[in-house]
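This report refers to the structure that appears directly beneath it.
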Number of protein chains: 2
Amino acid sequence: MSVKNKTRYAILGVLNVSPCTGYDIKKYCDKIIAHFWNENYGHIYPVLKSLQEEGLIERVEEEIQDRKKKYAITTKGREEFLNWLKEPANYQPARSEFLLKLSFSKDLKREEIRSMILSYKEDHMKKLKDYGKMEAYIEQNQTTFDKDQRFFIHAPLRYGIISAKSVVSWCDEMLNEIDL
Amino acid sequence: MSVKNKTRYAILGVLNVSPCTGYDIKKYCDKIIAHFWNENYGHIYPVLKSLQEEGLIERVEEEIQDRKKKYAITTKGREEFLNWLKEPANYQPARSEFLLKLSFSKDLKREEIRSMILSYKEDHMKKLKDYGKMEAYIEQNQTTFDKDQRFFIHAPLRYGIISAKSVVSWCDEMLNEIDL
DNA sequence: TTCCTCATGTAATTCGTTACATGATTGC
DNA sequence: GCAATCATGTAACGAATTACATGAGGAA
């Protein structure tokens with residue numbers, strides 16, 4: 001178990017949806033789950049290799065003609081994946097560079113702090129806009145996804161929306177307070 | 001610049017408040033900023049050493065009698081720290097193990113998903129309770145902190161409260177939706 | 001023919017956590 | 001005398017990012 005980590009399960013999870021290549025996995029991360037997960041090639045390929053060595057995934061050779069390496073999850077892999085799913089999610093120690101800066105900002109000018117919060121607010125409003133687009137897309141293509149599928153795409157998205165909204169309202173509260 | 005990272009600035013930030021030891025820095029992290037930042041000894045001590053080598057901090061020998069190593073930020077260190085403060089906070093790629101699991105949970109029973117969300121809700125309600133206590137403490141000891149100080153402690157705390165509340169309401173929304 | 005996307009991988013480095021190791025001091 | 005806290009550090013490991021390296025195929 002040379003490389004054992006979160007990536008491991010992210011990969012198994014994607015392969016549990018459907019067999020695909022390392023490249024596809026990266027795309028899935030960037031397109032579908034980007035707002036709460038990220039992966040990079042430098043990690044995907046080595047983990048893919050070690051998962052195969054452990055027998056949790058296997059090569060699928062449809063047409064061996066090309067250089068693509070398509071993988072599928074094995075029974076053993078599915079078992080390990082489901083076990084992981086059922087475990088409670090690990091507590092993740094928070095690390096917000098923004099809050100760290102803010103909490104240390106006593107020596108900055110009021111105006112600098114204002115603009116710091118303002119730009120943070122804008123970032124989150126932009127996020128909100130993106131999420132809105134995604135949500136609209138899911139709504140419009142209701143027929144594409146069945147009700148179950150929709151929940152698993154929609155739920156994390158709602159999470160993003162609600163969180164971003166709460167950040168925006170926090171920003172407003174702080175911008176107000178800072179002028180007093 | 002052997003060890004250059006966030007820890008670097010977290011340490012400079014704490015030392016910019018007041019000179020202290022590595023041990024004190026750890027305590028500050030655990031007590032004051034734990035809800036949005038964490039550090040561990042294994043990282044603090046080496047970084048402390050390299051910051052000293054770079055001349056950003058220096059030893060303070062009050063009474064050399066004891067084994068304590070008290071550090072203070074230097075002018076050079078303060079300069080670098082303020083420069084960092086003024087830069088916009090780096091975008092941090094999100095990684096939520098909980099959302100990753102949820103989005104991959106299509107093969108779990110509805111009841112399992114319910115309890116997954118429920119326990120997540122409880123975690124955040126507990127957080128909320130802790131934040132409430134801290135907030136009350138600050139309110140009660142208003143005289144201890146001047147208005148400026150209060151803002152920099154209170155603002156991140158409010159952030160935590162607002163965020164946790166939004167998570168709780170998301171959980172309720174999802175628990176409701178899952179039964180439909 | 002040039003650029004973009006597809007596609008796979010390695011190496012170097014940095015970053016962060018955990019375990020290990022040690023010992024003084026303080027309060028009960 | 002014992003436990004808890006104070007106090008400092010190293011080593012090993014594991015995780016994650018970035019840079020590097022390569023090349024095919026298709027579109028403009």
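Residue numbers begin at 1 in each chain, while the letters A, B, ... track the order of the sequences. Computation of the quantities below employed the complete heavy-atom set of this structure, encompassing side-chain atoms and omitting hydrogens, waters and symmetry-equivalent molecules.
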Discussion item. Distance alone, cut at 3.5 Å: any donor-acceptor contact between the side chains of A:Thr21 and A:Asp24?
Written reply: yes

Worksheet entry | Donor + acceptor pair across side chains of B:Glu39, B:Thr7 (<3.5 Å) | yes

Item to complete: Write down the distance between CD (B:Glu97) and P (D:dA15), rounded to a whole number of angstrom.
Response: 12 Å

Worksheet entry | Positions of residues 22-41 of chain B (non-hydrogen atom under 4.0 Å from DNA chain C), listed by number | B:Asn38, B:Asn40

Worksheet item: Of the candidate nucleotides D:dT17, D:dA15, D:dT8, which contains the atom at the shortest distance from the side chain of B:Tyr45?
Response: D:dT8

Fill in: Criterion side chain to side chain contact (heavy atoms under 4.5 Å, CB included) on A:Tyr71 and A:Ile25, from CA distance to verdict
CA-CA 10 Å; A:Tyr71 297 92; A:Ile25 290 168; 6.0 Å; no

Worksheet item: Separation of B:Asn5 atom CG from D:dA16 atom P, in whole Å?
Response: 16 Å

Discussion item. From CZ of A:Arg95 over to P of C:dT14, roughly how many Å is that when rounded to an integer?
Written reply: 17 Å

Discussion item. Regarding B:Asn5 and B:His43, do their side chains bring together a donor and an acceptor under 3.5 Å, going by distance alone?
Written reply: yes

Discussion item. Would you say A:Thr7 places a side-chain N or O within less than 4.0 Å of OP1 or OP2 belonging to D:dA15?
Written reply: no

Fill in: Donor-acceptor contact below 3.5 Å, side chain B:Ser96 vs main chain A:Phe36
no

Discussion item. Under a 3.5 Å threshold, yes or no: a donor from one side chain and an acceptor from the other, between B:Glu97 and A:Tyr9?
Written reply: no

Worksheet entry | Spacing between A:Asn90 atom CG and C:dT18 atom C1', to the nearest angstrom | 14 Å

Item to complete: Take atom OH of B:Tyr71 and atom C1' of D:dG9, then tell me their distance rounded to the nearest Å.
Response: 10 Å

Fill in: Bending between helix ends of the helix from C:dT1-D:dA28 to C:dC28-D:dG1 [5 pairs per end, 10° resolution]
30°

Worksheet item: Roughly, in whole Å, what's the span from CG in A:Leu51 to C1' in D:dA15?
Response: 15 Å

Worksheet item: In whole angstroms, how far is the P atom of C:dA24 from the NZ atom of B:Lys69?
Response: 16 Å

Discussion item. I want to check one thing: is the phosphate of D:dA7, taken as OP1 and OP2, less than 4.0 Å away from some side-chain N or O of B:Lys68?
Written reply: yes

Fill in: Which nucleotide in D:dA15, D:dG9, C:dG16 has an atom nearest any side-chain atom of A:His43
D:dA15

Discussion item. If you compare every side-chain N and O of A:Thr21 against the phosphate oxygens of C:dC6 (OP1, OP2), does one of them come in below 4.0 Å?
Written reply: no

Practice prompt. Please state how far atom NZ in A:Lys70 lies from atom P in C:dC6, giving the value in whole angstrom units.
Written response: 15 Å

Practice prompt. Would you give the length of the straight line joining atom CD of A:Glu122 to atom CD1 of A:Ile117, rounded to the nearest 0.5 angstrom?
Written response: 12.5 Å

Discussion item. More than 12 heavy atoms of other residues, nucleotides or ligands under 6.0 Å from NZ of B:Lys106: yes or no?
Written reply: yes

Fill in: Salt-bridge contact A:Arg8-A:Glu54 (side-chain N to carboxylate O under 4.0 Å)
yes

